[in-house]
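Since the structure comes first, as structure tokens, the remarks are kept for the end.
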Amino acid sequence: MFKKILIANRGEIALRIIRTCKEMGIKTVAVYSTADKDSLHVKFADEAVCIGKPQSAESYLNIPHLMAAAEITNADAIHPGYGFLAENARFAEICGEHGIKFIGPTPDMIRRMGDKMTAKETMIAAGVPVIPGSEGLLQSVEEAKTIAKSMGLPVIIKATAGGGGKGMRVVWDESEIETAYNMAKNEARASFSNDGIYMEKFVEEPRHIEIQVAGDQYGKVCHLSERDCSIQRRHQKLVEESPSPFMTPELREKMGEAAIKAASAINYESVGTIEFLVDKHRNFYFMEMNTRIQVEHGVTEEVINFDLVKEQIKIAAGIPISGKNYMPQMHAIECRINAEDPYNDFRPSPGKITVLHIPGGHGVRVDSHIYAGYVIPPYYDSMVAKIITMAQTREEAINTMERALSEFVIEGVKTTIPFHQQLMRDENFRKGNFTTKFTETFKLV
Ligand SMILES: Nc1ncc2cc(-c3cccc4ccccc34)c(N3CC[C@@H](N)C3)nc2n1
């Protein structure tokens, strides 16, 4: 087992990883930019190293600075968290070259799943349902027109180096295809230095249901049930829950089996997530595979009573997984609380927290790094807390969330708490009647 882990991240996920390391008796090294010198993860870690200026490129994305921090503290492993370098194959490779264990899958797995067309081809070969579309990357506008004609509109053009909604264009009319093709290609080249694009039939009003998976170094793979992440705004998840209100035992069985096929196809090693689109007829299609621990991993932890970060560290240390699959024993809902103004187009609202009261009580988990007097920096993403509530039924979990949100006091900055309070009271939400289009018609009053 590792003696010392450097956490190459900040905020709540850095704190989350430090907590599990402490329980495992593993020493921790925090890294921080000059803007994060007063952050909680710095205070909770056994050691802390300043790795540079506030801009991520000068600090949390700066591989030489991170490797130097790992060397001088003699860390034997690095946990990347999510975001930043968590899915950067080159970073994983460099860790290996320095004899430091990257806590995650191999660079090859990261690279293959990071290329969306390669990921899709891998899934087709594994017999996992994928969304109908072009075979391989589009080679010309003419080809795009031919495929769109044969599939019927609407279609969606995606960047193979994109993901998470970046580099996607939905086409509703044949006349738009040429423009959409050229713009998608140019945007992909500009954003990802890779202009590979492909086309799919657009699945209208889908749900986004993802399956948590884990695999060890010995070829064993399991699934740890689903999360419904359909409530999103501009591809930013806002609310996640498990079990999905749209799930049936048969669908869970089939999606779990498909997720295991997907992970087994690449001999997956670490924790990961298989994202599916589910249409109104409960047909499901592989969308993407995430090779990292995700923001919303706590929802799964609470419904199956399991520490996913501990599992990820044990897998990296070569410990075999049990291989058993897990089904939800509870209902859990997570609201992401961002320092943004929901009455002003969710504009970021950094600044000093003058008054703070964190909710508690039965069925409430809050993962957060903020404290009274903490100054939320403007340089990083705006999430300041995740409230997770769990209960025997979905209705009770929603009621507990409403109660917890009403207790949550954050003064000095604006937050999305009012948005979530209204969402919990929304009739369609309470009925589980929502798709990824939900927020397009949900207006905060
Ligand atoms: N063929 C096909 N049809 C519908 C889709 C719908 C989504 C999607 C998924 C989740 C939220 C969305 C919000 C607006 C537009 C699209 C989505 C989607 N995503 C969004 C980000 C990435 N995970 C892939 N891919 C799609 N692909």
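This is a predicted model, so every value here is computed, not measured. Read the numbers this way: they start at 1 and go in the same order the structure lists the ligands and their atoms.
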*State, without any angle test, whether T300 and Q212 hold a side-chain donor-acceptor pair at a distance under 3.5 Å.*
no
*asked:* Applying side-chain hydrogen bond (donor to acceptor under 3.5 Å, both in side chains) as the test, list every pair that has at least one member in residues 136-157; sequence neighbours left out.
replied: K149-E174
_Test: side-chain hydrogen bond (donor to acceptor under 3.5 Å, both in side chains). Region: residues 52-62. Which pairs qualify, not counting sequence neighbours?_
D36-Y60
*Quick one: list whatever passes salt bridge (Lys or Arg N to Asp or Glu O under 4.0 Å) with R403, sequence neighbours left out.*
E407
What are the polar N/O contacts of ligand 1 with the protein below 3.5 Å, with distances?
from	atom 1	to	atom 2	distance (Å)
ligand 1	1 (N)	E200	OE1	2.9
ligand 1	1 (N)	K201	O	2.8
ligand 1	3 (N)	V203	N	2.8
ligand 1	23 (N)	E275	OE1	3.4
ligand 1	23 (N)	E288	OE2	3.2
ligand 1	25 (N)	K158	NZ	3.1
ligand 1	27 (N)	K158	NZ	3.0

_Checking F419 against F346 for the ring-ring contact (aromatic ring centres under 6.0 Å, His included) test, could you report, in this order, the C-alpha distance in whole Å, the side-chain angles of both residues, the deciding distance, and whether it holds?_
CA-CA 10 Å; F419 172 89; F346 290 78; 5.5 Å; yes
*What orientation do F276 and F286 show, parallel under 30°, tilted 30 to 60°, or perpendicular over 60°?*
perpendicular
